[in-house]
**Student:** 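The structure that follows is given in the form of structure tokens.
Here is the naming used below: chain letters follow the sequence lines, and residue numbers restart at 1 for every chain.
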Number of protein chains: 4
Amino acid sequence: MEQAIPKRKKWIIEAAVAAFAQKGFHLTSMREIAKSAAVAIGTLYHYFDSKEEMLNDILRAEIDVLQRALAEITQSNRSAKEQIDAVLQLCFARLAKDKSLTKLIFCEKVIAHDKFRDNFRSLQDTIISHLQKIITRGIAKGEIARCNPSLVAALIMGAITVMVGKIVDTEESSEGINQHEVAQQLHNLLWQGLTTKLNPAFT
Amino acid sequence: MEQAIPKRKKWIIEAAVAAFAQKGFHLTSMREIAKSAAVAIGTLYHYFDSKEEMLNDILRAEIDVLQRALAEITQSNRSAKEQIDAVLQLCFARLAKDKSLTKLIFCEKVIAHDKFRDNFRSLQDTIISHLQKIITRGIAKGEIARCNPSLVAALIMGAITVMVGKIVDTEESSEGINQHEVAQQLHNLLWQGLTTKLNPAFT
Amino acid sequence: MEQAIPKRKKWIIEAAVAAFAQKGFHLTSMREIAKSAAVAIGTLYHYFDSKEEMLNDILRAEIDVLQRALAEITQSNRSAKEQIDAVLQLCFARLAKDKSLTKLIFCEKVIAHDKFRDNFRSLQDTIISHLQKIITRGIAKGEIARCNPSLVAALIMGAITVMVGKIVDTEESSEGINQHEVAQQLHNLLWQGLTTKLNPAFT
Amino acid sequence: MEQAIPKRKKWIIEAAVAAFAQKGFHLTSMREIAKSAAVAIGTLYHYFDSKEEMLNDILRAEIDVLQRALAEITQSNRSAKEQIDAVLQLCFARLAKDKSLTKLIFCEKVIAHDKFRDNFRSLQDTIISHLQKIITRGIAKGEIARCNPSLVAALIMGAITVMVGKIVDTEESSEGINQHEVAQQLHNLLWQGLTTKLNPAFT
DNA sequence: GATGAATGAGGTTTCATTCAT
DNA sequence: CATGAATGAAACCTCATTCAT
């Protein structure tokens with residue numbers, strides 16, 4: 001059984017994720033996080049070594065989950081199309097679960113900075129490399145049209161990133177972007193371009 | 001004849017652009033910029049009101065150029081396909097001209113922050129709205145397959161952003177991403193999905 | 001029991017009062033105050049929001065005491081002469097208690113500046129308006145010779161201010177101004193001019 | 001014939017006097033003075049060695065005039081009463097001529113600071129010492145009631161200072177303090193207290 | 001004389017982090 | 001475990017002053 005996460009650590013993580021997602025890493029102070037989490041500043045340092053490690057720890061936990069899910073998808077026997085669809089679904093499921101945290105994982109630029117641990121690879125790069133692998137194999141099997149896998153992978157990643165940013169930022173406004181529609185459209189768009197099939201009947 | 005920009009202001013801009021692009025806005029100090037520009041700190045404040053205004057001023061000058069070019073494209077009589085191609089070419093031409101500055105314009109997140117002037121719209125949003133307009137008209141004219149213009153516009157923008165980030169970050173390494181190839185691939189990818197034409201022989 | 005003021009806050013107040021009184025607000029730096037109070041600069045900002053608020057807070061606490069004492073005097077049933085005497089005694093008692101702080105309260109000009117909170121009225125104005133009220137009633141009751149209450153009030157205030165300045169500035173020198181004599185002389189001087197006695201034909 | 005003062009120097013003096021009187025020495029920058037005088041910053045340093053010397057020079061010129069006038073009054077054969085009246089008239093005449101400059105001369109505290117030249121004595125001290133001399137002789141001649149000359153001199157000075165401050169600060173408001181009335185009232189007040197005579201017929 | 005771009009020391013203030021309670 | 005007062009390095013920015021034009 002996993003050891004339970006102390007309630008204070010939970011509070012801190014929630015407060016930090018919300019603040020980082022809204023104002024960014026550098027414009028969020030430890031004092032703000034402590035206040036918003038209703039704990040003392042010192043308590044932050046019981047659970048995290050530093051401000052940077054705090055972001056690092058929070059992200060890594062989530063990213064590990066995603067990376068494991070990505071690996072599972074890539075290693076499966078499904079077709080390239082199904083695998084890419086699975087990646088899209090994975091991302092949008094993550095978004096549905098927690099918008100702020102998802103924004104952090106996908107968009108926060110600080111995580112790529114030198115100061116962070118070397119063994120930390122941005123999620124963007126990870127997703128791109130998985131997609132690249134899937135596409136490469138898809139081309140080899142004739143499931144996907146010939147293209148530069150690296151570029152197409154980046155293209156897909158870019159689309160996901162922009163979508164996440166847009167959806168999170170318009171959360172409070174009543175613009176009401178429909179996540180399911182977004183996923184569907186992205187799917188259609190990609191597969192009209194990626195499939196070798198002619199598109200006689202466009203839905 | 002336009003008034004010449006003082007050499008020191010030029011130095012400062014170059015130093016600031018390089019530093020902001022490499023380390024980000026918050027991790028770059030005015031002292032570093034001054035040192036790297038070989039001027040005194042006070043000189044920075046002779047040409048710019050504050051650190052934020054410095055980024056603001058630098059970006060706005062370039063963004064204005066891009067926005068005017070975008071408007072010209074959108075208002076032309078060309079087909080939707082040609083207009084979208086023109087947008088892509090515009091972005092990649094910008095990139096070819098100055099990688100650091102382009103990264104700043106496309107990727108720096110600070111520019112969207114509240115502290116910045118209200119009348120400042122991020123370039124991403126501008127490009128997206130132009131693309132959206134082009135796509136909407138393209139659909140009406142039957143030049144483009146039916147889709148959600150807002151989403152497709154964001155997708156294209158996402159692709160551009162990721163590409164720019166990737167190309168700039170791999171600049172020093174010898175990976176040597178070929179810009180022309182990137183533009184070409186992106187073009188192909190998009191038009192296989194956007195065109196209503198069947199693609200009988202895709203190589 | 002009142003909550004105890006932390007010793008460090010006390011140190012800071014003492015150091016600030018001494019420095020402001022000796023060199024004035026603008027020529028005193030936070031660094032100096034911190035050093036002289038034997039605390040870190042950051043500690044100053046733990047107890048005060050800013051340099052200006054520091055002066056503001058220090059002054060307001062003392063001024064509130066004086067204002068309450070002034071109100072009590074003005075509302076009492078005593079004669080106008082006794083009330084004015086009480087005001088003089090109040091001022092000189094304050095001076096005896098703490099010369100530097102008294103100088104600050106009576107003489108520092110910065111407190112009247114726009115940057116300070118609007119609800120802050122200089123002690124000078126407060127004393128003047130109290131004196132004016134006392135004099136006006138004294139005239140009505142025939143206890144005081146006819147005069148312009150506003151001007152006479154200002155005159156008395158001026159005398160007090162100059163005295164305070166002189167006494168504090170000659171503190172270290174051996175000129176040894178006797179405070180009790182000063183108060184007595186000022187009393188005589190005023191009442192030879194303000195009383196209706198002995199002046200049978202004063203219009 | 002005195003050499004004519006260059007127009008630019010005049011502009012600078014006017015701008016500086018206005019700014020110093022309104023905002024005080026420390027809160028007025030050389031840039032502001034230059035701008036308000038419509039000259040370049042460098043020009044300020046053609047006419048004055050430094051910001052402090054600028055205030056110094058401006059004040060000294062006016063103070064010299066006042067000191068010479070004071071000396072003339074003190075050395076005259078007139079009665080003590082007439083001499084004190086003359087001092088009051090001198091001050092109020094100065095005020096009528098130029099309110100801002102007068103406020104500076106009488107009220108600006110910086111001029112007493114160490115950084116200023118040693119041979120600079122504040123006008124307050126000068127007037128006080130002149131008054132003290134007049135009062136001492138007046139007592140000896142029986143023209144003035146027995147009192148502590150030093151204190152009474154300071155009292156008179158205090159009254160003048162407060163009056164000047166009040167009049168200048170209420171200049172823009174429509175409160176309309178009448179200078180002539182002020183002078184008259186101050187005269188009356190003092191002489192009812194200083195004279196040994198009962199005041200049968202007060203002129 | 002007149003200019004104002006350039007300087008850089010020094011100002012106020014912030015904030016991640018520590019540690020005695 | 002939890003606290004928050006205390007720290008001090010370093011940030012942004014101001015401004016009196018200089019000097020080449």
Side-chain angles (χ1 to χ4, degrees), chain A residues 6-9 11-12 25-35 37-54, chain B residues 6-9 11-12 25-35 37-54, chain C residues 6-9 11-12 25-35 37-54, chain D residues 6-9 11-12 25-35 37-54:
Chain A
K7 63 180 179 181
R8 278 167 217 270
K9 183 166 185 180
W11 294 347
I12 292 170
F25 179 77
H26 292 293
L27 292 177
T28 299
S29 70
M30 293 298 261
R31 185 182 304 271
E32 282 175 274
I33 295 171
K35 189 173 184 180
V39 301
I41 292 180
T43 306
L44 303 184
Y45 289 88
H46 268 301
Y47 294 107
F48 303 97
D49 286 345
S50 71
K51 187 185 173 188
E52 287 184 347
E53 280 307 315
M54 185 162 125
Chain B
K7 62 180 179 181
R8 276 165 220 267
K9 183 167 185 178
W11 295 347
I12 292 170
F25 180 78
H26 292 293
L27 292 176
T28 301
S29 73
M30 292 300 259
R31 192 183 308 273
E32 285 174 272
I33 295 172
K35 190 171 184 180
V39 300
I41 290 180
T43 307
L44 303 183
Y45 290 90
H46 184 72
Y47 291 108
F48 304 97
D49 285 344
S50 69
K51 186 184 174 187
E52 286 187 345
E53 281 305 315
M54 186 163 123
Chain C
K7 61 181 180 181
R8 276 165 220 268
K9 183 168 185 179
W11 296 348
I12 292 170
F25 179 78
H26 292 293
L27 293 176
T28 301
S29 74
M30 292 300 260
R31 193 183 309 273
E32 284 174 273
I33 295 172
K35 190 172 185 181
V39 301
I41 290 181
T43 307
L44 303 184
Y45 290 89
H46 183 72
Y47 291 108
F48 303 97
D49 286 344
S50 70
K51 186 184 174 188
E52 286 188 345
E53 281 305 316
M54 186 163 123
Chain D
K7 63 180 179 181
R8 277 167 217 270
K9 183 166 184 179
W11 295 346
I12 293 170
F25 179 78
H26 292 292
L27 293 175
T28 301
S29 71
M30 294 298 260
R31 185 182 303 270
E32 282 175 274
I33 295 172
K35 189 173 184 181
V39 300
I41 291 180
T43 307
L44 302 184
Y45 289 87
H46 267 301
Y47 295 108
F48 303 97
D49 287 344
S50 72
K51 188 186 174 187
E52 288 185 345
E53 281 306 314
M54 187 163 125

**Student:** Taking the nucleotide of DNA chain E with the nearest heavy atom to each, does Ile41(B) or Thr28(C) sit closer to the 5' end?
**Tutor:**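 This one resolves to Ile41(B).
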
**Student:** Counting only side-chain heavy atoms from C-beta out, which of dT3(E), dG11(E), dT3(F) sits nearest to Ser29(C)?
**Tutor:**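 Selected nucleotide: dG11(E).
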
**Student:** Could you check how far CD1 of Ile12(D) sits from C1' of dT3(E), rounded to whole Å?
**Tutor:**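 Value for this atom pair: 12 Å.
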
**Student:** Provide, to the nearest angstrom, the distance between the CH2 atom belonging to Trp11(D) and the C1' atom belonging to dA2(E).
**Tutor:**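 Spelled out: CH2 on Trp11(D) to C1' on dA2(E) is 12 Å.
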
**Student:** For Tyr45(C) and Ile41(C), what are the C-alpha separation, side-chain angles and deciding distance, and is it a side chain to side chain contact (heavy atoms under 4.5 Å, CB included)?
**Tutor:** CA-CA 7 Å; Tyr45(C) 290 89; Ile41(C) 290 181; 4.1 Å; yes

**Student:** Nearest to the side chain of Arg31(C) - dT7(F), dA2(F), dG11(E)?
**Tutor:**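 In terms of side-chain proximity for Arg31(C), the closest of dT7(F), dA2(F), dG11(E) is dG11(E).
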
**Student:** By nearest atom, which of the nucleotides dA5(E), dT13(E), dA2(F) is closest to the Lys51(C) side chain?
**Tutor:**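 Taking heavy atoms from C-beta onward, the closest nucleotide is dT13(E).
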
**Student:** In this structure, how many angstroms lie between the P atom of dA11(F) and the NE2 atom of His26(A), rounded?
**Tutor:**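 Distance check: His26(A) NE2 to dA11(F) P gives 13 Å.
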
**Student:** Do Phe48(B) and Leu44(B) have side chains that get closer than 4.5 Å, going by heavy atoms?
**Tutor:**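 They are not in contact (no side-chain heavy atoms under 4.5 Å apart), so the answer is no.
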
**Student:** Nearest whole Å is fine: how far is dC15(E) P from Leu44(A) CG?
**Tutor:**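 So the two atoms are 15 Å apart, to the nearest Å.
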
**Student:** Check the distance between dT17(E)'s P and Glu32(A)'s CD and give it to me in whole angstrom.
**Tutor:**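 The distance from CD of Glu32(A) to P of dT17(E) comes to 15 Å, rounded to the nearest Å.
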
**Student:** Any strand counts, and the cut-off is 3.5 Å on both contacts for Watson-Crick or G-U wobble. Which nucleotide pairs with dA11(F)?
**Tutor:**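 For dA11(F), the partner nucleotide comes out as dT12(E), under the 3.5 Å rule.
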
**Student:** OP1 or OP2 of dT3(F) less than 4.0 angstrom from a side-chain nitrogen or oxygen of Arg8(A), does that happen here?
**Tutor:**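 For dT3(F), OP1 or OP2 has a side-chain N or O of Arg8(A) closer than 4.0 Å.
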
**Student:** Across all strands shown, which nucleotide pairs with dT21(F) by Watson-Crick or G-U wobble geometry, both distances under 3.5 Å?
**Tutor:**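 Its partner is dA2(E).
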
**Student:** Taking the side chain of Ala40(D) as its heavy atoms from C-beta onward, which of dA6(E), dT3(F), dG4(E) lies nearest to it?
**Tutor:**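 Given the options dA6(E), dT3(F), dG4(E), the side chain of Ala40(D) is closest to dG4(E).
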
**Student:** Could you tell me which non-hydrogen atom of Tyr47(A) sits nearest to which non-hydrogen atom of Pro6(A), and how far apart they are?
**Tutor:**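 Heavy atoms only, the tightest pair is OH-CB, 3.6 Å.
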
**Student:** Nearest to the side chain of Val39(B), heavy atoms from C-beta on, is which of dA6(F), dT13(E), dT7(E)?
**Tutor:**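 That would be dT7(E).
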
**Student:** Which is more 5' along DNA chain E, the nucleotide nearest Gly42(B) or the one nearest Tyr45(C)? Just name the residue.
**Tutor:**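 The answer here is Gly42(B).
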
**Student:** Mind calculating the distance between NZ (Lys9(A)) and P (dA2(F)) to the nearest angstrom?
**Tutor:**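 That distance rounds to 12 Å.
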
**Student:** Report the distance from atom CG of Leu27(A) to atom P of dA11(F), rounded to the nearest whole Å.
**Tutor:**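 Going from CG in Leu27(A) over to P in dA11(F) covers 16 Å.
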
**Student:** Indicate whether OP1 or OP2 belonging to dA2(F) is found under 4.0 Å from a side-chain N or O atom of Tyr47(A).
**Tutor:**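 The answer is yes; a side-chain N or O of Tyr47(A) sits under 4.0 Å from OP1 or OP2.
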
**Student:** Once rounded to the nearest 0.5 Å, what's the spacing between atom CZ of Arg8(C) and atom OG1 of Thr43(C)?
**Tutor:**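 It is 6.5 Å, given to the nearest 0.5 Å.
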
**Student:** Quick check for you: to the nearest 0.5 Å, what is the distance between Met54(A) atom CE and Met30(A) atom CE?
**Tutor:**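 Nearest 0.5 Å value for the CE-CE distance: 5.5 Å.
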
**Student:** Suppose we call a contact any N or O donor and acceptor under 3.5 Å apart; does that hold for the side chain of His46(D) and the base of dA2(E)?
**Tutor:**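 Yes, the side chain and the base share a sub-3.5 Å donor-acceptor pair.
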
**Student:** Counting only side-chain N and O atoms of Ser50(A), is one of them less than 4.0 Å from OP1 or OP2 of dA16(E)?
**Tutor:**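 For dA16(E), neither OP1 nor OP2 has a side-chain N or O of Ser50(A) closer than 4.0 Å.
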
**Student:** Does the side chain of His26(C) come within less than 4.5 Å of Leu27(D)'s, by heavy atoms?
**Tutor:**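 The answer is yes, as the side chains (C-beta and beyond) meet within the 4.5 Å cut-off.
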
**Student:** Mind checking Phe48(D) for me? I need base, sugar-phosphate or nothing, with any heavy atom below 4.0 Å counting as a touch.
**Tutor:**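 It contacts nothing in the nucleic acid.
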
**Student:** Nearest whole Å is fine: how far is dA11(F) P from Lys35(B) NZ?
**Tutor:**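 Taking atom P of dA11(F) as the reference, NZ of Lys35(B) is at 12 Å.
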
